[in-house]
Q: 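Attaching a single structure in structure tokens format; questions to follow.
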Amino acid sequence: MKGKFIAFEGCEGAGKSTQMRLLSEWLTLRGIPHILTREPGGGAISEAIRKIILDGKNSEMTDECEALLYAAARVQHLADTVQPALARGETVLCDRYIFSSFAYQGYGRGLSLDFLKAINAYAIENYMPDVTLFLDIPSSRAFARKHGADPNDRMEQAGEAFHKRVYDGYKALLAAYPDRMFAIDCAGTKFETSARIVEFLQSRGYFG
Ligand code: TYD
């Protein structure tokens, strides 16, 4: 069976990495080959770009530069990690992808979605995920879960109002891309959320 490209989205602390790990365990039990990767990062060059983007010392970075660096990291990540895995027939579980750029740089920073689509055209045209799962927890609750923002992380330091715009942005994206992006209710335990994710993927005929 051809591998699926599955992206996870959500606010900081929404539980993406926990849910990716639980889904990975479920896939492993069923012998389904897959990789876990993340953006920005997922390869040596992209991880180096990640350090520049998130470095709390880079407070002078313009919003446009930030958006371009995320797009650059993405192109390299596709070449280094995503494309080879899909070519091997493996499923790719990716922590954040293009909708993070729309939510954070678009709705959060206020850049136009047209600019973001233009600089991400390569990814949009060639590598749109089969499905994007949005772990639905308001930013305020998600931050409380992770005990506040990391002082060394430039994005986490962007402030409450910024992260509220990001969450509202995700909601707008869900409405704009109803056949690509799906909300997963995260109100229960991590195991209940994980069961919902599996149920949703199977309802689409994946990993039957
Ligand atoms: P991540 O490591 O997933 O943060 P966390 O696990 O704490 O949610 O992502 C790093 C940060 O980069 C996060 O603040 C979201 C941001 N980001 C963007 O602003 N645009 C993007 O395109 C991507 C991929 C991430």
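Just follow the structure's listing: the first ligand is 1, and inside any ligand the first atom is 1.
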Q: For ligand 1, which part of D153 has a heavy atom less than 4.0 Å away: the side chain, the backbone, both, or neither?
A: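 It is neither; nothing of D153 touches ligand 1.
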Q: What residue and atom, counting heavy atoms only, is the protein's closest point to atom 6 (O) of ligand 1, and at what distance?
A: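 Among all protein heavy atoms, the one nearest atom 6 (O) of ligand 1 is K16 NZ, 3.6 Å.
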Q: Considering non-hydrogen atoms only, spot the tightest contact between A73 and S46 and give its length.
A: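 In terms of heavy atoms, the two residues are closest at O-OG, 3.0 Å.
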Q: Looking at non-hydrogen atoms alone, which of L69, V166, L54 comes nearest to atom 11 (C) of ligand 1?
A: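 The option holding the nearest heavy atom is L54.
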Q: Can you tell me which residue pairs pass the side-chain hydrogen bond (donor to acceptor under 3.5 Å, both in side chains) test with a partner in residues 70-82, sequence neighbours excluded?
A: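 side-chain hydrogen bond (donor to acceptor under 3.5 Å, both in side chains) check on residues 70-82 returns T37-H77, E39-R74, E39-H77, R74-S101, R74-N120, Q76-D80.
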Q: Hey, is the main chain of K4 close enough, under 3.5 Å, to the side chain of T91 for a donor-acceptor pair?
A: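 Yes, because the side chain of T91 sits within donor-acceptor range (under 3.5 Å) of the backbone of K4.
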Q: If the cut-off is 4.0 Å to any non-hydrogen atom of E39, which atoms of ligand 1 fall inside it?
A: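 Once the distances to E39 are compared, the set is 24 (C).
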Q: Under 3.5 Å, is there a donor-acceptor pair between the S100 and E9 side chains?
A: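 Looking only at side-chain atoms, E9 and S100 do form a donor-acceptor pair, the distance falling under 3.5 Å.
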Q: Show the atoms of ligand 1 that are less than 4.0 angstrom away from any heavy atom in M155.
A: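 With M155 as reference, the close atoms of ligand 1 come out as 14 (O), 19 (O).
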Q: Distance to 0.1 Å, residue and atom name: give those for the protein heavy atom nearest to atom 25 (C) of ligand 1.
A: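 Heavy-atom neighbour on the protein nearest atom 25 (C) of ligand 1: Y70 CE2, 3.3 Å.
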Q: Which label fits Y167 and F134: parallel for a plane angle under 30°, tilted from 30 to 60°, or perpendicular past 60°?
A: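 Tilted: the ring planes of Y167 and F134 meet at 30° to 60°.
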Q: Is the CD atom of E199 crowded by more than 12 outside heavy atoms at less than 6.0 Å?
A: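 Incorrect, the count does not exceed 12.
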Q: Among G106, A158, S101, which one has a heavy atom closest to atom 22 (O) of ligand 1?
A: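 Residue with the shortest heavy-atom distance to the ligand atom: S101.
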Q: Could you work out, for atom 14 (O) of ligand 1, the closest of H77, R74, E12 by heavy-atom distance?
A: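 Selected option, by shortest heavy-atom distance: E12.
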Q: Under 4.0 Å from ligand 1, counting heavy atoms only, is it the side chain of E66, its backbone, both or neither?
A: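 Neither part.
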Q: Considering only heavy atoms, which of R154, E156, E9, R96 lies nearest to atom 15 (C) of ligand 1?
A: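 Heavy atom nearest to atom 15 (C) of ligand 1 belongs to R96.
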Q: Going by atom types alone, do R96 and Y104 pair a side-chain donor with an acceptor below 3.5 Å?
A: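 Y104 and R96 do have a side-chain donor-acceptor pair below 3.5 Å.
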Q: Considering residues at least two apart in sequence or located in another chain, which fulfil the side-chain hydrogen bond (donor to acceptor under 3.5 Å, both in side chains) criterion with D168?
A: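 Here the qualifying residues are K164.
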Q: Under 4.0 Å, heavy atoms only, figure out whether ligand 1 is touched by the backbone of R50, its side chain, both or neither.
A: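 R50 to ligand 1: side-chain contact only, backbone stays beyond 4.0 Å.
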Q: I want to check something: taking the side chain as every heavy atom from C-beta on, are E64 and Q105 in contact at a cut-off of under 4.5 Å?
A: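 Answer no - side chains too far apart.
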Q: Quick test: of every protein heavy atom, which one is nearest to atom 20 (N) of ligand 1, and how far off is it to 0.1 Å?
A: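 The closest heavy atom on the protein side is Q105 OE1, 2.8 Å.
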Q: With heavy atoms of D95 as the reference, note each atom of ligand 1 found under 4.0 Å away.
A: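 Atoms satisfying the 4.0 Å criterion: 3 (O).
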Q: Would you check whether R38 reaches within less than 4.0 Å of ligand 1, judged by its heavy atoms?
A: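 False for this residue.
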Q: S100 heavy atoms, cut-off 4.0 Å: which ligand 1 atoms fall inside?
A: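 Taking each heavy atom of S100 in turn, ligand 1 has 20 (N), 21 (C), 22 (O), 23 (C), 24 (C), 25 (C) under 4.0 Å.
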Q: Dump the intermediate steps for ring pair (Phe, Tyr, Trp, His ring centres under 6.0 Å) on F200 and F182, then the final yes or no.
A: CA-CA 9 Å; F200 171 76; F182 303 89; 4.8 Å; yes
